[in-house]
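Written out below as structure tokens is the structure these notes cover.
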Amino acid sequence: MLDIQLLRKDLAGVAQRLATRGVTLDTARIEALEAERKAIQTRTQDLQARRNQLSKQIGMAKGKGEDASALMTEVNAAGDELKASEDRLAGIQDDLSAQLMVIPNLPHESVPVGKDEKDNAEVRRWGEIREFPLPPRDHVEIGEDLQLLDFPTAVKIATSRFVLMRGDLARMHRALAQFMLDTHTQEHGYTEVYVPYLVNADSMRGTGQLPKFEEDLFKLSNGMYLIPTAEVPVTNIVRDEIIAAELLPIKLVAHTPCFRSEAGSYGKDTRGMIRQHQFDKVEMVQMVRPEQSYAALEELTGHAENILKKLELPYRVVSLCTGDLGFSSAKTYDLEVWLPAQNTYREISSCSNFEAFQARRMQARYRDGKPGKPELIHTLNGSGLAVGRTLVAIMENYQREDGGIDIPEALQPYMGGKTRIPAAG
RNA sequence: GGAGAGAUGGCAGAGUGGUCGAAUGCGCCGGAUUCGAAAUCCGGUUUACAGCUUGCUGUAACGGGGGUUCGAAUCCCCCUCUCUCCGCCA
């Protein structure tokens with residue numbers, strides 16, 4: 001959520017910055033609503049003040065045993081107008097806040113201006129792309145040949161966009177999550193948290209999934225939602241809290257399943273594990289002082305990169321352009337891992353600074369100990385990493401000509417010392 | 001699932017229709033005392049929003065929503081959550 005004060009002060013400027021995201025702000029409507037709000041609110045508060053004053057006098061008069069009927073007549077006379085004024089004000093404020101809730105964040109000045117993913121700016125590359133003597137096979141072929149990856153059975157149990165893993169592949173999937181968690185907690189200073197996988201609507205509003213993106217979520221019959229990312233439960237830990245300044249920055253990491261309806265992605269990535277309704281992810285979240293959030297974004301992105309480096313997977317870092325930025329984000333770096341079978345880089349992590357956008361929705365603030373009002377914190381998060389896609393990347397980059405898969409050295413301790421998933425015999 | 005109790009400020013906990021944003025205690029901040037500290041004493045200490053002379057004034061908020069009333073923390077209705085006992089259960 002944007003700061004309403006900013007919209008009042010510089011509506012044209014806000015509209016201009018939103019235009020770089022391809023969003024058109026109905027400034028005339030907002031201006032009209034805001035003008036009416038101001039008039040009605042002032043009027044309402046004056047009427048309330050008058051009523052309070054008279055009611056207090058009635059109380060005092062009755063306390064002294066005096067007749068208060070004249071006062072009561074007076075306060076009754078203004079009753080209808082007050083009620084109408086209050087109702088009108090509530091209506092306008094609901095309308096304004098509903099509009100405010102669907103306005104995306106303003107891009108940071110360092111974000112490249114562009115229309116869509118084609119305008120994203122590559123920041124750096126890391127790692128050497130392996131040469132294959134024969135055309136590299138994709139993870140589906142590799143996994144199915146090994147009989148460790150099974151899509152038809154998952155479809156039978158559930159529906160499409162689910163997967164069943166067996167044996168060493170299921171184990172490597174688990175090992176990856178453990179490896180990531182250990183790295184972030186032991187080397188990067190994060191505290192591991194275990195969180196609910198179902199959340200309420202308030203939490204979804206807090207991080208920005210609601211009200212605008214309900215169709216992307218799985219909603220349960222009791223009104224709760226399956227989390228699309230650990231960002232939701234983890235970030236909402238600080239909702240409605242005032243944090244002591246010395247506790248910042250807060251750095252949390254969680255491993256959770258993620259559930260996405262993938263509405264609107266029909267026909268996209270239908271093959272394999274790239275786009276699933278259910279996938280695991282290790283997510284880093286930071287809550288920081290505002291002046292530190294951009295340094296924190298670089299740091300957090302580096303933490304995600306570290307995982308790829310340890311696994312020796314080639315990747316590149318991309319700064320999303322204004323048109324490709326997520327709803328709540330002010331700036332996002334995507335990490336894209338090399339997938340040899342697709343002969344391209346594919347997103348494996350997304351690291352974002354939300355500035356105060358989520359904090360304002362969540363009323364997540366901190367206090368310095370200095371006098372004055374508590375201030376909104378800044379929130380960040382990033383995948384560290386998407387576990388399923390990391391598994392895909394390993395399968396494809398570490399595939400052997402005999403059909404087996406080498407296990408990256410960093411992962412071997414988590415696989416009981418095994419160095420390879422052997423070819424099917 | 002059955003029975004009961006409850007939800008008030010950072011915490012504990014009073015308050016059952018009127019000058020209550022809310023006693024008291026703890027905590028926290030400032031000051032006094034002290035060589036310094038503890039103890040003690042004094043003062044301060046919620047948040048959001050609005051208006052304008054930016055420091056004041058006003059409005060709202062006692063789990064959430066609705067209602068009664070001139071006036072609601074207090075009365076009524078609905079919802080949510082928490083706790084205790086019993087049952088069931090990973």
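Treat the numbers as computed from the prediction; the structure is a model and nothing was measured. Hydrogens, waters and symmetry mates are skipped; everything else that's a heavy atom, side chains included, is used. A, B, ... follow the sequence lines: proteins, then strands. Residue 1 opens every chain.
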For the side chain of [X], counting heavy atoms from C-beta on, which of [options] is nearest?
X: Ile58(A); options: G18(B), G58(B), G51(B); answer: G18(B)
X: Gln41(A); options: C49(B), U47(B), G51(B); answer: C49(B)
X: Gln48(A); options: G58(B), A60(B), C70(B); answer: A60(B)
X: Met60(A); options: C70(B), U19(B), G51(B); answer: U19(B)

task = Could you please spell out the steps behind the salt bridge (charged side-chain N to carboxylate O under 4.0 Å, His left out) verdict for Asp95(A) and Arg29(A)?
result = CA-CA 11 Å; Asp95(A) 202 346; Arg29(A) 171 120 194 261; 3.2 Å; yes
Does [N] pair with anything, Watson-Crick or G-U wobble, both distances under 3.5 Å, and if so, with which nucleotide?
N: U74(B); answer: none
N: U82(B); answer: A5(B)
N: U24(B); answer: A12(B)
N: G17(B); answer: none
N: U46(B); answer: A61(B)

key: Side-chain N,O (Arg365(A)) to OP1/OP2 (A48(B)) below 4.0 Å   =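 Answer yes for this pair, as a side-chain N or O of Arg365(A) is under 4.0 Å from OP1 or OP2.
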Using a cut-off of 4.0 Å on non-hydrogen atoms, how would the nucleic acid contact of [X] be classed: base, sugar-phosphate, or nothing?
X: Lys62(A); result: base
X: Asn52(A); result: sugar-phosphate
X: Gln5(A); result: sugar-phosphate
X: Leu54(A); result: nothing

message = With rounding to the closest Å, how many angstrom separate the C1' atoms on C62(B) and A12(B)?
response =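 Between the two C1' atoms, the distance is 16 Å.
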key: Distance, P atom - from G6(B) to G13(B), rounded to whole angstrom   =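 Comparing P positions in G13(B) and G6(B) gives a spacing of 14 Å.
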query = Between atom CZ of Phe327(A) and atom NZ of Lys212(A), what is the distance when rounded to the nearest 0.5 Å?
reply =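 Answer for the CZ-NZ pair, Phe327(A) versus Lys212(A), is 5.5 Å.
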Just list the side-chain donor-acceptor pairs under 3.5 Å for residues 178-185 of chain A, sequence neighbours left out, or say none.
{"residue": "Asp182(A)", "atom": "OD2", "partner": "Tyr414(A)", "partner atom": "OH", "Å": "2.8"}
{"residue": "Thr183(A)", "atom": "OG1", "partner": "Phe179(A)", "partner atom": "O", "Å": "2.8"}
{"residue": "His184(A)", "atom": "ND1", "partner": "His188(A)", "partner atom": "ND1", "Å": "3.0"}
{"residue": "His184(A)", "atom": "NE2", "partner": "Gly384(A)", "partner atom": "O", "Å": "2.8"}
{"residue": "Thr185(A)", "atom": "OG1", "partner": "Leu181(A)", "partner atom": "O", "Å": "2.9"}
{"residue": "Thr185(A)", "atom": "OG1", "partner": "Asp182(A)", "partner atom": "O", "Å": "3.2"}

ask   = So, for Lys281(A) and Ser383(A), which heavy atoms are closest and what is the spacing to 0.1 Å?
value =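 Closest heavy-atom pair between Lys281(A) and Ser383(A): CD-CB, 3.8 Å.
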inquiry  = Both Lys56(A) and Arg50(A) contact RNA chain B. Which one's nearest nucleotide lies toward the 5' end?
reply    =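 Going by which nucleotide is closer to the 5' end, it is Lys56(A).
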ask   = Quick one: on RNA chain B, does Arg51(A) or Arg37(A) contact a more 5' nucleotide (nearest heavy atom)?
value =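 So the residue in question is Arg37(A).
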message = With no hydrogens and no angle check, just 3.5 Å: does a side-chain donor-acceptor pair link Glu262(A) and Gln276(A)?
response =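 On atom types as modelled, these side chains do not qualify, holding no pair under 3.5 Å.
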